[in-house]
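Since we're looking at a predicted model, the values are computed, not measured. Just so you know, ligand 1 is whichever comes first in the structure, and atom 1 is the first atom listed for that ligand. Numbering starts at 1 and runs along the sequence shown.
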Amino acid sequence: MSRETGDNLQRNHSHNEPMDRVVDRYLSRRSVLRGSLGAAIAMMAGVGLSGCLDKDGRPRPPQPQLTQPDPVRLGFDSIPGSRTDACVVPPGYSAYVLAPWGTPLNSAARAWQADGGNSADDQANAVGMHHDGMHFFPLNGSAEDGLLVVNYEYIDQKALHPSGPTRDAEGRRPAEEVRKEINAHGVGVLRIRKVGGRWQVMDNDPLNRRFTTASVMELSGPLRGSTHVQTRFSPDGTVTRGTNNNCGNGFTPWGTYLACEENWPNVFINRDASLPEDQRRIGISTARTSYAWETAAGDASEVDEEFARFDITPRGASARDDYRNEASTYGYIVEIDPHDPTTRAVKRTALGRFRHEGCWPGLTEASKPVVFYSGDDAQNEYLYKFVSAAPWDPADANPLDRLATGAKYMDRGTLYVARFNDDGSGVWLSLTPDSLTPEGIPLSALFDDLAGILLNTRGAADALGATPMDRPEWTAVNPLNGDVYLTLTNNSSRTEANAANPRTQNRHGHIIRWHDSADQRSFTWDIFVFGANAGADPALNRSSLTDLNQFASPDGMAFDSRGVLWIQTDNGEKTLTDYTNDQMLAVIPANLTDPQGREVPVNVQNQGELRRFFVGPNGCEVTGLAFTPDNRTMFVNIQHPGNWPYADDATIAAPAGTQVRPRAATVVIQRTDGGELAV
Ligand code: FEO
Ligand code: CA
Ligand code: CA
Ligand code: CA
């Protein structure tokens, strides 16, 4: 739907082999092996990760089960698609609205006004706009009291202001409007409690907090203090202001939240056409910004060039005299300690600078490194992971100083980018100064040092020959066996097709998964499910989806603690939007097995185990999900709805002819009998 800041355009001009060609060869090798394309597709669809061939062509043994909880099975029936101004859940479930845009977090904010009349100061003390990734942090282990931390990804200017955005005769945006927009972005920490069986926000709780595109944040890791991030605001390059366009999220094993900066380049402009290479590669515009915040520069109320900094055109004698480096302080993973309101957010630069969709931890094991996965969401961009230098110490799970623990595991380590081979294997290429390109050139010769590599992470990944992917969105880690899943939402710039891979343009997307080797340097992969229309040709509908589970553009995705995989969509595929609004499906990969007990992908025999659980209102995207430790409450975000919410009950639509000012919101899903979800 409307994505004012959304820009996933193809900017990869490397000649690295794209994923579609890798898959083509993967399939055609099996065509040769199995004798026909049909068999190749059957094999692709029917033999899972655990069935991948090893390098000698033998089936790989089943992955070890790290934990063995009681197996769960889905206990609800898939619901049909829906196209209404309401949410839909299965019978026996309730869905209600929590913390919509504008909900006051403390008494400094006035109540949300239906005419759009709240001030910038109100907005700084209230829930932001366009909810996305989120995480629930229990307090004292409670399933009924905790902190819900939520990204506010971007804004709908038309809904935010009484009559949309305005400009003066010279084209300048009013400072008050710009500040309101800046304050509607970022992250919120909300104390929430279940009272009488129903969750509510605790107004004025001392842990309630907002981070916006104006909040001062620390820079940490290899870029801290480097010449790349010195600005007039921070001549020593140690701090910056704000986080922006926080899309997917993550969390750490030591109790902090990770916000991920995705479409941040779109708030900056560099009028000097000779862009630095990192700015060209990431997509800084020389012509326009999404909201024209820079036009408020020079307003009499402006403090510390709070608006001027979005115009990064070099103007001063050095980087310390202007904001040429302001955009170099964006594009990172941002660590937040939600438990301590006195702390600043910290940008962990060691995890790379790109359009981070999310950042999900792998399973932790004592004395092994801590691993984080992160996709770069744009056409033909890459999949990354970070491996800590410090081995995991379980005593760090509940530290006194969470951000010091973050520094221990996230400021020193190695960033890798993925290369997928066509035999179901893959390698992680290290983005380090001594790493060699296929031509034998060390990255240090191209990017100087580690800070230079991280600043232009995409460029360094190009040089190493990483595999361009179909828009990597969220990653998820199966708590039962450590398999990692990645949503590849779609890729309209794909034009090549052949008999083995007829999905030109990949309009529906798919979900890939892999398992890393113990040394973290390689992996084996397969494709878990292909999005498709139910009625599509089998060569397109490779997972044999039906009306009850057809989907496109998988995006948000997470496992709950029982091994249920929840998949959310951000659907741009017209033929599917004609059938249903964006949705959330559930599947338990551990239950999809072959006769030998090996996990297999979604296929014609088992596709009924992929079930539609939730459908959102017209115009929305369903994104962001969190669970309480008892799996009796699920939080799901509705972003950019068209005419919703109308009532506290998220399943009630506005009467025909009634238009409400739309508000993104969290939806709380519970079973009406109070039981565990989904089973
Ligand atoms: Fe903000 Fe990639 O979706
Ligand atoms: Ca997304
Ligand atoms: Ca998306
Ligand atoms: Ca999105």
Check the orientation of F635 and F136. Use parallel for under 30°, tilted for 30 to 60°, and perpendicular for over 60°.
parallel

Suppose we only allow N, O or S atoms; which atom of D570 ends up nearest to the Ca ion (ligand 3)?
OD2

H356 and D376: side-chain donor and acceptor closer than 3.5 Å?
no

Report, rounded to 10°, the angle at atom 2 (Fe) of ligand 1 between the two atoms OE1 (E473) and OE1 (E357).
80°

Polar side chain donor-acceptor pair, S553 to E573, under 3.5 angstrom:
no

Ring-face cation of R513 near F528 (centre distance under 6.0 Å, axis angle within 45°)
no

Answer yes or no for D570: is there an N/O/S atom below the 2.8 Å cut-off from atom 2 (Fe) of ligand 1?
no

Parallel, tilted or perpendicular, as decided by the 30° and 60° cut-offs, for the rings of F137 and Y257:
perpendicular

Residue D377 atom name (nearest to atom 2 (Fe) of ligand 1; N/O/S)
OD2

With carbon and hydrogen excluded and only N/O/S kept, which atom of D555 is nearest the Ca ion (ligand 3)?
OD2

With N506, the side-chain hydrogen bond (donor to acceptor under 3.5 Å, both in side chains) member among T489, N491, D470:
D470

Is it true that some N/O/S atom of E153, main chain or side chain, lies under 2.8 Å from atom 1 (Fe) of ligand 1?
yes

Has E262 got an N/O/S atom less than 2.8 Å from atom 2 (Fe) of ligand 1?
yes

Give a yes or no on whether E473 keeps an N, O or S atom under 3.0 Å from the Ca ion (ligand 3).
yes

